[in-house]
Structures are given as structure tokens and as C-alpha cells.
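What follows is a set of notes on a single structure, which appears directly below.
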Amino acid sequence: MTQFLQSIHYGEWILHALIVLPLLGVVPVLLGDPKSARRTALVVTTLELVLSLGLWWALVPGQAGLQLVANIPWIPSWGISYRVGIDGISLVMVLLTTVLMPLSVLASWHYISTRERGFYALMLTMLTALVGVFIALDLFLFYVYFELTLIPMYFIIGIWGGTNRVYAAIKFFVYTMTGSLLMLVAIVVLVWKVQAATGQLSFAYEHLLRNAGAAGSAAPWLFAAFALAFAIKVPIFPFHTWLPDAHVEAPTAGSVLLASVMLKIGTYGFLRFAVPFFPGVALSPAVSALMVTLAVIGVIYGALVALVQPDFKKLVAYSSVSHLGLVMLGIWGGTMQSVQGALIVMISHGLSTGALFLLIGMMYERRHTRLLEAYGGIARVVPVFSLLLTVVAFSSIGLPGLNGFVGEFLVLLGSITAFPRATVIATTVVIFAAGYLLWAIQRIIYNRLDDPENERFGDLTARELAVILPLVVGIVWIGLYPAPILRRMEPATRQYLEATAVTRTGPTTALGVLRHVVEEARR
Amino acid sequence: MTFSHAVWLAVALPLAGFLVNGALALRRPRATGLVSVVGPGVLVAAFVVAAGIFLELWREPPHAPTVVSLWSWLPVGQLQVDLAFQVDQLSAVMLLIVTGVGSLIHLYSVGYMKADPGYARFFAYMNLFVAFMLVLVLGSSFPVMFIGWEGVGLCSYLLIGFWFNDKVNADAGLKAFIMNRIGDVGFLVAMFLIWRAFGSLDFTWVTGHAADTLAPGGAVVTAITLFLFLGCTGKSAQIPLYTWLPDAMAGPTPVSALIHAATMVTAGVYLVARTNVLFALAPVSSTIVAGIGALTALFAATIALRQYDIKKVLAYSTVSQLGYMFVGVGTGAYAAGMFHLATHAFFKALLFLGAGSVIHAMHEAYHATHSHEDAQDMRNMGGLRHAMPWTFGLMLVATLAIAGIPPFSGFFSKDEILSAAFARGGEAPIYYLFYAMGILAALLTAYYMARLMAMTFLGPNRTGERERTHLHEAPWIMTGPLLALGVLSTVGGALNLPHLVGGHSALERWLEPVLAPGLAVGRLSMPEGSTEYLLVGAAVAIGVIGLLLGFRATLGRGILPAREAPPDTGFALVLNRKYYIDELYEAVVVRPLLWLSRVVLWRGVDQGLVDGAAVNGAAWTSRVFGGGLRLLQTGHVGAYVVLFLVGALWILRAVIR
Amino acid sequence: MPATSLLGPSLGLSAILFSLGVAGVLLRRNAIVLFMCIELMLNAVNLSFIALAQLHGSGGQIIVLFVMTVAAAEAAVGLAIILAIFRLKQSVDLKQLNLLQG
Amino acid sequence: MTQLDLGTPGGIMLALLPELLLTGWALLVLLVVAWRHRTAEDSRLAGWLSFAGVAVSAAGLAALWVNGATPAGLAQMVALDPFRYGADAVALIAAGGTILLSLGYLERESLLAPEYYPLVLLSTAGMLFLAGAEDLIVLFLGLEVMSVGVYVLAGYDRNNPASAEAALKYFLIGAFASGFLLYGIALVYGATGTTNLSLVGAQLAGRPLPLMAALGLGLLLIGLGFKVAAVPFHMWAPDVYDGSPTPVTGFMATGVKAAAFAALVRVLLEAFPSATSLWQPIVAGLAIASMVVGNLAALVQRSLKRMLAYSSIAHAGYLLTAVWAGTQAGAGAVLFYLLAYSLVTLAAFGFLSVFGRGGERDVSLDDIAGLARSRPWVAFGFSVCMFSLLGFPGTFGFMGKWYIISALAAERQYILPVILVLTSVVSAGYYLPVVMAMYMRPAPDSERYAGVRLAPAALGAIALAVAVVLLFGVWPGPLLDVAGQSALTLTQTGLPFAGP
């Protein structure tokens, strides 16, 4: 595979192709027949997926640092260039995006019945922006993509959303923009500080990373601005209230992309920018304490509030707050296990929550309600749907053997050293997670079937199975054999840990060190 | 290639069964024939593998466990968890019990579930359960064990709520899973602490280095073991997390036998035995384990006294017996705990399956007459020995076993636990109290079992005139496994026959390599000579007295069918309502939590503070200010000039300085 | 220099006149009167220029000519606008001109 | 590089080429309309003629710029530097755009007095003088030429009470502010003995600022602050913008503002570089007040026109922050932002003039509900305008804001950018609802937008503006360089002691 890719110079054009292809796809979508828009979009997104898969092999495993870096001057007088590249972390995020996109298109097949051309054009734009966010290595470029993700989602929520869509859309937009604009100021200030120290005006990521120390006494403020932007995106309690509204109002594809990919931009931002730029601030005891506290509050709070939601979508939205809190805990846990765990939670949450939203969308298409009380007892009528819902729910709950557990476990395991109390508190989320999801699926597929409407609830069609099954495969695969993904990400994680110079994991006892040596020798 | 290296087959077979049966359940729910072959078939095959492994170990007892690594599961830096199975004496015993008893129960289920529309689904779940249970007992590290640990919880959830269209059943499943999860928090935290202390989660590493790593009686090991035990209280239904198990009887009876009596609920005991060295290093934790065990044994036994549902009696009996096992492992008599685990698996499975046969018969009788009476209420039974002689006989065997009447299996195992507790009393007098509680519980056990037998099988029949003719013995596919279990219940004591009766503690020796690290920390000196005789005598006497009292008290009173029976009053009512513990939990934990979530967090913090005050408040404030500015814009030139001049004066003031 | 001795008083007078103009704009509500007050302000400034011309040469005096021209142009346009208003409203009272507000 | 000797008549003629061409052309058009001023045909003829005048003037400007004309020695009256050319270009673009937008508008509103177009040309000539003024007197003259024309234009719809009222308010307060400006000139003249900006700067350099000059500076700030509609001298703006014919509003919001900002930058940077510490706090105060007041008040407007009026106040605030920087980058940012803002604002007012059909003054959100369904391209274009005004990446407006923030950050100023972005967030509260109304609300009835039609000229202008806004949103490099370079001479005047 690697040789084949080399023979076509895959590494040289792939990142550009991933950006440009969806934009090219917009043209036929907009110009074509409204009915064929979805087909065009599916073709384009699938092609994008196929192209992106090669990245898995193109990335040299075990090699730290950014790879496939391409640099095209853009606004030279300001030191801005179109600079892209990936490492293990970007890789999985890009793949997550490209995998979910065709599924989202497929899930919108019947759901979107008005203004199809606009919808699919926005979806493709969204794809470009999302991929761009994860591969951008120029702060300016990153910021542009970061903001660019807002527009399609804003329209997707606002035009094809539910009854309260306009409120949700503007809330989503303004919330995110508040943080990001402050980050914009921080980016510019950082660049000028670095310029003052090095004499070079450049927005290139590596340049800034190397010289971020120049921020000096401004570092706390700069970190605060970055952190706020990403915290809103994640979202960390108490910046989360846009999320339930946006999720509930968005159409299925919107919810999927929002939850599965867009929230990860926040945590990705912490890992890529906020923490490595200002490790001294980010990992200082005070800031750590604050972030970990907020993370743990988010974990428990999200779960508890999810427990009492009458609307299934809102429930899942709050569960996202809970899961993303775990990611934050993992990032601040500062060990190989916790950070790798955080990354796995990011992926797992993408798969599980994405699948949940897709299933909710299928329910909604049949019954036009997301209220739990409208359902009940349908396991008898639709066994396949019920089975998949159960599998996905248990994945989200964190049943070992499915994907959710892997990340959760690693995060908590890795964080116990640095934050024992927070970790123990966060661990209790496994109770509440089981509570809210199982209670919900009980009210949907179990209990007495007393609404005759539900008798006519049709089981999944082939198209719907095609949407869900890939995710279920991923769920089981990551649950049982996450090793390949972990190994791909490990160099990047290691580099992150070294860059942030955290006290390394681990063995707090002499014996632990000994064991480590033994393990190393064995391999 | 040895059997030990093929141990993955033992897991893979039921898993394959699950996949086949699951596919059939979705696509061909009527293909009962194939299901009947595949379902029990894979279990029997797994049992063959298990037996092979056992014989292999028997012939050549290894000194170190055989670890069969399938693939690298969680390779993260220093943490290297393989998906690996560990074959040693302890897991081999569990392997045999799970596959053996499991096979019998699967066979029984072929008859029991025959008419159920979810036949294939049932076997799929059961197969899956066995697969997970085997992962649990075979896992070579804490996380792998945890896969099984949670997996059996999942299957338990699915099987309790098997008849999910009844809200009660679904509720019971949910409750079981949540309660288990509370315990799982303990398990998880314990793993984290172990990782922190050892830098590894492999059993071999942890047990091998525990004594060097952890200070005996230290805070770390105490914390680890207490958290582990929290996990056990969930899975093995100990105080305070036991309330799910009686509710779990909502599932089909074979489920109760397999999961909620013989295998899954004993996982906690297995875990303590597996990590014996840690508990041995933490005397405080051990005492707590034994204490909780003794308290649970007694407490659950009292509740069992006043239950009318035949399965509920057995459920509380299970809780109580599990308490015994914890007394054993908490005392340091790990082998005795495991011994009781094994014998209990036999006789309690037998009891449940017997009860299942009874319910089956009752149910069919009521079904035939379209009556809606409760088929599980013992007040509607009575005199069934005529209709179901085999079941009666075999259940009597089990009753004698559980009551601790020699030479039935339960006698030996229970006696060993009580003796151990008594022996430990020499060093720590509180164990005398545990011993006393155990003895009292034994008395109550004999009593409620006698009551159960008397109400079910003896006396006049209360089923109803029309129904009586429909009562008949279960088919052979069901009584066959009963018979096998009856034999095991009878002779199971031979597993670990004490010196007293000429045995040589076979099980204890067998487990020696696994238990060695714990025993190295502190070995219990068992009572011998006259003390031993005295203890044995007391135990037997208690059992006999309990049985006699139970039969007398039950048969001596006229019992009315459930429909006509007067409600219980006074303490009897308290017992019947299980001390109102469920209501207490509901009032103290569940409702406040939901209230907190709904009223305080959601409506208060989320919608009120964050969204209302902060977010929308900011928007509102902006609009108010904007509105104020609008009012300023009166349209009158004069006003504009005034503001202009104010600005002008400000600027001039600023330039003058 | 005797000429400069007049500079201070001239500038002072100019400032007073300017202030009077400002006060008039502030206080009066008739568009015509208001406009006259503005003319007063401009001419006050002219006085300043004339006075300063003593100090800095003839530049100031030239400026005054420009200003007067501009003022004339403004007057032409301004009066036309006021006339237009009067045609529409039959009044040049600024208090009644608040169609545009908010 | 061509050096022009401004001492000779030929040199000065060349230096004033755009102004002279424009003025001459305006007189020519006046002649034409003297006997052709009755029909729509006549009006159109005058319009196109005037547009040609703008083009001719632009050609003159280009000739100067391309040849890199610089003064030999000191520029006496009028500057010859790229900053002037840049500002002139913005003013000419504003004028050209306004003419194109007016063509259809005047016909539709039956405002068929073709003197309109010469007035636009003459005002523009004033703007060019204002933007290029190297002497305070030229500045004053340019300002007045510009203003007198615009006063008339504001009241051009003279039978409409709103328009007349707008003209009167603008005239009265404008003349009032001119008095302050003039007094300021007098005081500066008194303190330094000169009205040439560079010489003023030279006189004031290296010594404490005399009180008279300080007062002069303050009065100049007041006068120019009025023209750029900075809070608290802004109160006229919403009313005048609201009452004037829509294309005129666009003209005021862009050309007038651009020229005034150019003059402000030139005065502060050339004449008062030594008093930076004095004027920076004032400019900062004006900027903050403008950003806050403009955005908050815009939030509660119902009429889109008024909303845009207030938003233009907010944008003046953003521009003032760039002025604050007082550097080459700051001046470059001002130019850059002015172009970005002018293009978008022209396009936005162009759209508005379409929505407000036949004498309808107030266009509210309800009037554009569901527009996207029936007129997707109009909705798209208007949305681009809104996002650009909001400063969203991918648009010219974002680059402008970025430039401003960058200029401020380079000066280690962090509070202004933070206020800038926070108030921008507030602005999302009124720009986004416009987009929402068009895309996310249903149209009241299917025939609602049947009459919405852009005249071809306006369509061309708007389409071009939107395209440029998008183009420079993603590819601003060359333009940035131009803007950055244009301000170079401003801060490095030929005089050795000028500049910090």
C-alpha cells in the first residue's frame, strides 16, 4: 500500500485534494437538478473518504512531528501562508470527519426534502472547513477554517432545523464567535510578541510553538483567550448551553457533525494550540485545578442533567457535555494514558454519539417526535433497530469491549496520578451514564407498547443500515482492538507530552520503573 | 498445542453460539430446532474444553499460570494490556463450574423456554453470558476481567428484562445494571490505584509483587481492597447494594439459576480469591469483607423468612449464602469460600431449576384454565409432591445441602467457613461475632428452606380445583439436569473433604499455588480436635433444629391461597416488605438525585443561571442599553448640540491637561 | 511691538464671540437664528485670523477671504434648505423637526 | 518615480490632475443638464456622463499613482503620496458606485433633476481635496466643498419631509462643526505661524506642545470627529442617513467618511506626531464610545437603514482604533478598512434601495423575510455584505479587522482590540437576523418579491462589489502591500525632525 501511494505521489497532493475536492463538488450540486444533489454529494463525500483513507499509510508510523507538510505563501507580507500537514492526532480527526460525512449525507436522504441543493452544498463546504481545521498549520489559516465551520452549520440549523431553529442558530453562532474573536486577538498578539523576539513575522505553527515563550507575562491572558474559544467549542461547563439547543434544533446530519466532529475542534485546539503554546500557564497548579474542576463538573453535571431530559436528543446533547468533560480531564491528566485516552474518547464519542443521533433521526422520521414518552415497547416491532440502539447506547455508556470504555478507562487511569480526587469523582459518571441512557432506551424500546402509532414503526431500511452499520463496526473494532489507532497516535502524543514538559507518568514506585524497563526490554 | 493454549476456544464457542442464535433471533425466530442444538451444544463443547484443561492441570500441575495472549488490547506507553487469558488452578475450577452448571441449565432451558416466542434470543443472550463469564474468570489482568465483569452485567440486564414489555421486568433489569455499576466504580478506582502503585494491571505481576510493593495494613492496600470489595458488593449483591438481586427474579428462571445463583453473583468471591494477597495484606479490609458478609448473610436470611414468592425466597437465600462466602474469604479461608461457591452453585442451581419446574407446572395449569393467579406464590401451591415427585425429591436434597445436613455438600463448605471464622476469632475477637451471626443465619436458612419445601410440596394443595388436574411433572429435558445437579449437590462435598471425615482437603491443595501469596502473608490455623468436633456438632444441630422448626411452624398453620390470605402485620410485614430498604433508597437517593438534576441543575443552573442570567441576560442588557441610546436620539437638533458640546468640552479638557 | 499688544484682546474677543455663537446654537430653536449664530462663530474665527495675521504675516488675512467665500456658499445652500423646510412645514422651528429619531 | 515641482503652475496642475479633471467635468455636465433636464432620458444621460467623469478622474489618479509622483521638495498645498492616491481611490469608487446606484433609484423615485450628478461630482472633488490636503486651509476648503454638495444631496428628495429634515439637520450641525474646525485651524496657525501640515509638525517637534496648539488640536479633532460620525458627535448621522435618499446615504457613509478619515490621519500623523500622547487617549475614547454606542444602538433598530447608519458609527469606531495606532501600519489599516467598508456599505445600501420600493422609507426585517427562496442571488449578495460587515473570515471585512488588530497589537495595545472584537460580537446580534430573515423565515406571500428588481447598472456595481469583497477576503495580499506602502511616506516625511 505504501509503495502504491508513493508511486502516485500521494503525499504531495492529498491534503490539498481533500480541501479542494468538496469545494469543487459544490458546483455540480448547486447547478444540478435538486433531486440529484444528494447523489452528487454522496459521490463526492465518498470519494473524499476513499482518498483520505490513504493517509493511514502515508503517515510514517512511529515518526514524531508533523508530516506531509506543504507550504504555499499566501499573504507574505504578514507571514501568512497556506500551511498544512498532519500528525497522528490530525490523522484520526480527519478520518473521523471523512467517515462521518458520507454517512451524514446518506442520513439526510429523505430527511431533507426542501432546498436540497443548498443543503448539500453547505455540507460539502462544511467538509472542507472541518478537514481544514484539522490540517491547518498556520494560525491564520486555522482561524479562518475554525470560523468557516460556523457558517454552514449556522445555515443548516437555521434553515432545516426544528421549530426553535432561529434562536438556536444565532445562539450557536454568537456563543462560538465570542470565544473565537478573542482568540483572534490572542493569535495576533502572540505573533507580534514572537516577532519582537525573533524578528520574524510568521503565523506558522511550528515557528510560534518554538518561540511561544516570547509571550512572557502576557501568556496567561493569551492562554485565557485561546482557552475560552476552545472551551466554548468543547463545550466545558458553564459554556455549554448553546449545545442542547443547537443539537435539538439541528437536522440529523447537523447534529451528527456538530457532536461528532465540531466539538472535537475544541479539544483538538487545546491539544494542538492552547496547551503546547502556554504549558507554563495551562499546566500551572492553579489553572490545572480550575480546568480539572470544570471538567469534572461537566462530567457529572452533564450526566445528571441528561438523566432528566424528556427529549432524547437533548439527553444525548447533555451526555456530550459529560463525555467531553472526560476529554478535558484526560488532557490535563498529563500522562500518556490520559492523553491517548482523551483522543480515543474524542473518536469514540464521535462514533457513538454520531450513531445515536442517526438513530434518533430515524426515529424522528417515523414518528416526528423525539420525546421519550411517545415511544415504548418497540423492541418487539423493530428488533434490528432496537439491537443497534442498544449496542450504540452501551458503547456510549462505556461497556468494556466496546469503544466507549477504552477511552474512558485510559483517561481515568492516566489521571489518577495527578488528580486522584477528581478522577474518583469523575469515575462515578459510569453510574449516571448507565442511568440516563438505559432509562431512555427502556422508555423507547421496552415497557408496554401502548401507542398504536408505534405498532406501525417500520424497521430499518437498507439505506439506514448502511448508515449505521459502519459506525457499529467501528464501535466494536475500537472496543476490542484499538491498538493500531493508539500506535498511530502515540508518537504525536509523546511529542505533545514532551513539548508540554509535564511530569511524565507513571510509575510512582521504584518497582514500577523496574517493570517499565522489563517491558521495554521485552519488546 | 495443549488444551490450556486452546482456552480461547472456551470463550469463542459460546460467542459463536451467541452470533448464530442472535442472527436466528433477528431473521428466523421460529428456527427453534437449530437453536436447541446450537445453544446448549456450544456449552457442552466448551465444557469439554474446560474438562480437558482441568485434566491437563491435574496431570501436570504447573507452578506458574499459563497466559494465552490473543492480541494487544491497550498498548499505551507503559500500560500494556493484552487481551489474554490466564489458565491456572483457580480459573480452571471456575471454568468447570461455569461450563458444567451452564451446560445443565442450557439443557434445562430447552424445555423451560420451549413455548416462548423469544426462544432464539434467549439462547443468544445465555450464550453471550457464558462467554463473558468465561472472560471474567479467565482474564489475565484486571481490565480483561472487567470486560467479563461488565459483560455479564449486560447479559444479566438483558435477561432480567427478557420479557421487556412488562415495565416491572425492564425496571428490574435497569436496577440491576445501575446497582452493579455503582460497584463497578469501586472496581475501576481499585484498578487505577493498583496501576498507580504497581504500574501494571496483570494478575501475575500484581500478585507476585504485592508483598514487596505494598506495606501490610497500609492505606494504599486498604483503599485498593475496599474499592475492590465495593465492586464485589455490587456484583455479588452484598449490603448495601443487594437490592437488585431479588428484583432480578423477574427474568426467566434458568437465568436466575445460572446468573443470579450459580455464576455471575459469585464473581465477587472469585475476585477476592484471585486477589487474595491484597486482602491478606489489608486486615482492616478483610474484616470489613467478613463483617459485611456476615451481616448480609443474617439480614437476607431474615427477609427470606417472610417471602411468599418462591423465587424471592431463593433470591434472598442466595444473597445470604453469598454473605457466607464473603465471611470465608474475608476470614482468609479463600479455599473455603471457593468451596462454598462451588457447592452453592450446585445446590442453588438445583433449587432454582426445581422452582422453575414448579413454576412451569403452575403456570401451565393456570394457563390451561385462563386463570390470572400468581404462579410463583407459594400460598397457591402445597402438596405438589404428588404431582412432581422427582422435583420434590431433588429439591429436598438441595434443601438438606443448603441447611448443612451431612453428608450433603453444603454441610462441608458451610462448616469450613464457620470454623475458619471461629478460628480467626482467636486473633480478632470480632470474628466470634461473625461466627455467631453465621450460625444464626444457618438456623434461619434451615427454617426458611423448610418453610419453602413445606409450603410448596407438603400439606394440602391450594392451587385450585380446576387447575389441580393440570399439574404434572416437568419433561425429562428439565428433570435430567436436575438429577445431575442433585448428584453434585449430594457428593459435592467430596471436592474438599476435611481430614475429619478422612478426606485431604483436595480443593484447598489444588488451589494452593494460586492462594500461596495470600497464605504467605498469614495462614489461618484451623481448629482441630475437640473444638472441631464441637463446632461441627453445633452446626449440624442448628441445621436440624432449623429444619424441624421450619416444617413444624409451616405445616402447623393453615395456609390460605394468596387471593384470600390476610395481609401481614407487624414485624412480619416489615420482613415481607424487606425492611423497606427499597423505599428508603428511593426516598434518600433516587428521588433527591432526580430532584437535584431536574430542579436545581437543569432548571436552576442550566436554564436559570447560565442561559437565563448570563447568556440571555447579556443579550437583554445589550438591548436595554441600546434602547436607552435610542431614547437619547430624540430627533431634536438641540439635544444633539448639547451632546456635541459635552463631547467638545471633554476633548478640550483632555488637551489642556 | 505695539501691534502685538492688541493680539491678546483680539483673540479674547474672538473667543467670546465664538462662545456667544455656540451659546446661541445651544439655546435658540429657530433655524434661521441658529444659522446666524453659526455665522457668528465663523466670523469670530475670522477675527482670530486677522489678529494672528499681525503675528505671522498676511497668510491669515488671505484665509479670511476664503472663509468668507465658504460662508457665503454655505449661506446659499443653507437658506435654500431652510426654505424647503418652510415650504413643507410652514415653520422653521427646530422643535417640530423630529420626524427622524430613535 | 516622477518628481513634480509644485512651485510651477504646470507642476501643480499635474499634481491636482484628478481634482481638476473632476471639477472640469462636473462643470461640463452642468452645462449639459442646463438644457437637458426634463426626462428620465436626460437624467440617465447626465448619470452616465458623470460616471465617465469619475472614470476620467480615476484615470488621472492612476496616472499619478503609477508614475509614483512625488513632490520636489516640500508639498505646499496638496500631498503627493500614495496615501492620498489610496484615499482618492476610495472616494472615487464611492462616487462611481453612488452614481451607478442612483441611476435606477432616481428614476424609480421620480427624482428627475439631473443636477444631482454634478453635485455628486463636485462633492467628490471636495473629497479629493480633503483627502489630499497638505494644508489646513485646503483641508477646510475641501471639506466645505464636499459638505455643501452633500447637504444638497441629502435634501434632494425635497418634497419628502424626511429628506428635507435630514438636509437641515446635517447642514446646521455640519456648519456648526465647521466652526469648531475652523477655530482649530486658527489656533494652530496662531501657535505655529503656518497651516502647512508638515511645517506644523516641524514647528511642534521637540518641544512641549503650546496650549494654543493643543486647543487647536482638540478643535480639529472635534471638527473631523463630526465628519467621521464618531460618538459623541454622531447624533446627526442616524437621522441624516435615515432621511436621505438611499444612494446618498451610501455616498455619505462611504465617500464622506473615507475622505474625512484620510484627513484625520494626515493631520494627526503629519502635524501632531509629537503630541501622540495627547491625542491617543482622545482617539481611544472616541473609538470606544463609537464602537459601544454604535453597536448597541444598532441592536434595537427596526429599520434596516437606521441599523446600517448606527453600524457605520460602529465602523467609525473600528477605524478610529486604527488611527490610534498612529503608525504606518495603522494608517495602512485605515485605508484598507475604508476600502473594505466602502465596498460593502455601497453594496448594502444598493440592496436596500432595491428593497424599499416606491417611496417606502423604512425597510424592516419583515420586508425581506424569505427573500432567499425567490431571489437567491440577492439574498446571497446581501448576506455576504452582512458577513463582511460582521468581519467574518473569507470576506474583505475580516481582513480589514485583522489588519486593524494587527496594527494595534504591533503597538502593544490590547484593550482596544478586545473591545473591538467584543463589540463585533454584539454586531452579530443585528447582522445575523438580516441573514436569518432572508433564509430562515418564510415569505409572507409568494408574490412578495415580484417587484424587486435591480437596475442593470446597480446590479453590475453591486455584483462587482460583492465579488471584490469575496476576492479580497481570500486573496488580500497585493492590496495589503499597497495599503501598507501607501502610508509609508505619511510617517516618514522628508523633514528630518518630523515623526516619532
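In what follows, chains carry the letters A, B, and so on, assigned in the order in which the sequence lines appear, proteins first and then strands, with residues in each chain numbered from 1.
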Side chain / backbone / both / neither for [X] at chain C, heavy atoms under 4.5 Å:
X	answer
Ile185(D)	both
Thr195(D)	side chain
Ala297(D)	neither
Ile137(D)	side chain
Pro238(D)	neither

Query raised in the report: Any sub-3.5 Å donor-acceptor pair from Glu165(D)'s side-chain atoms to Leu99(C)'s backbone N or O?
Result: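 Present.
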Query raised in the report: Is there a donor-acceptor pair under 3.5 Å between the side chain of Tyr189(D) and the backbone N or O of Gly60(C)?
Result: yes
Query raised in the report: Is the CE atom of Met36(C) crowded by more than 12 outside heavy atoms at less than 6.0 Å?
Result: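 Incorrect, the count does not exceed 12.
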Query raised in the report: So does Arg29(C) have more than 12 non-hydrogen atoms from other groups sitting under 6.0 Å from CZ?
Result: yes
Heavy-atom distance under 4.5 Å to chain D: side chain of [X], backbone, both or neither?
X	value
Val22(C)	both
Gln101(C)	backbone
Leu94(C)	side chain
Leu88(C)	side chain

Closest non-hydrogen atom pair, [X] against [Y]:
X	Y	answer
Glu74(C)	Val148(D)	CG-CG2, 4.1 Å
Val45(C)	Ala186(D)	CG1-CB, 3.8 Å
Gly190(D)	Leu55(C)	O-CD2, 4.3 Å

Out of curiosity, [X] [atom1] to [Y] [atom2], how far, rounded to the nearest 0.5 Å?
X	Y	atom1	atom2	value
Leu168(D)	Phe35(C)	CG	CZ	10.5 Å
Arg87(C)	Asn159(D)	CZ	CG	8.5 Å
Phe18(C)	Leu182(D)	CZ	CG	8.5 Å
Asn98(C)	Lys169(D)	CG	NZ	6.5 Å

Query raised in the report: Is there side-chain contact between Ser14(C) and Tyr183(D), with heavy atoms separated by less than 4.5 Å?
Result: yes
Query raised in the report: Under 4.5 Å between any side-chain heavy atoms of Leu34(C) and Phe176(D), yes or no?
Result: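 Result no, sub-4.5 Å side-chain heavy-atom pair not found.
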**Report entry** Greatest number of heavy atom pairs closer than 4.5 Å to chain C - which of Phe171(D), Phe180(D), Tyr151(D)
**Finding:** Phe171(D)
Report summary line: Highest number of heavy-atom pairs under 4.5 Å with chain C among Pro161(D), Ser178(D), Gly193(D) belongs to Gly193(D)
Query - Partner chain D: residue of Ala44(C), Gly78(C), Ser48(C), Ala84(C) with the largest heavy-atom pair count (under 4.5 Å) - result: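 The option with the most such pairs is Gly78(C).
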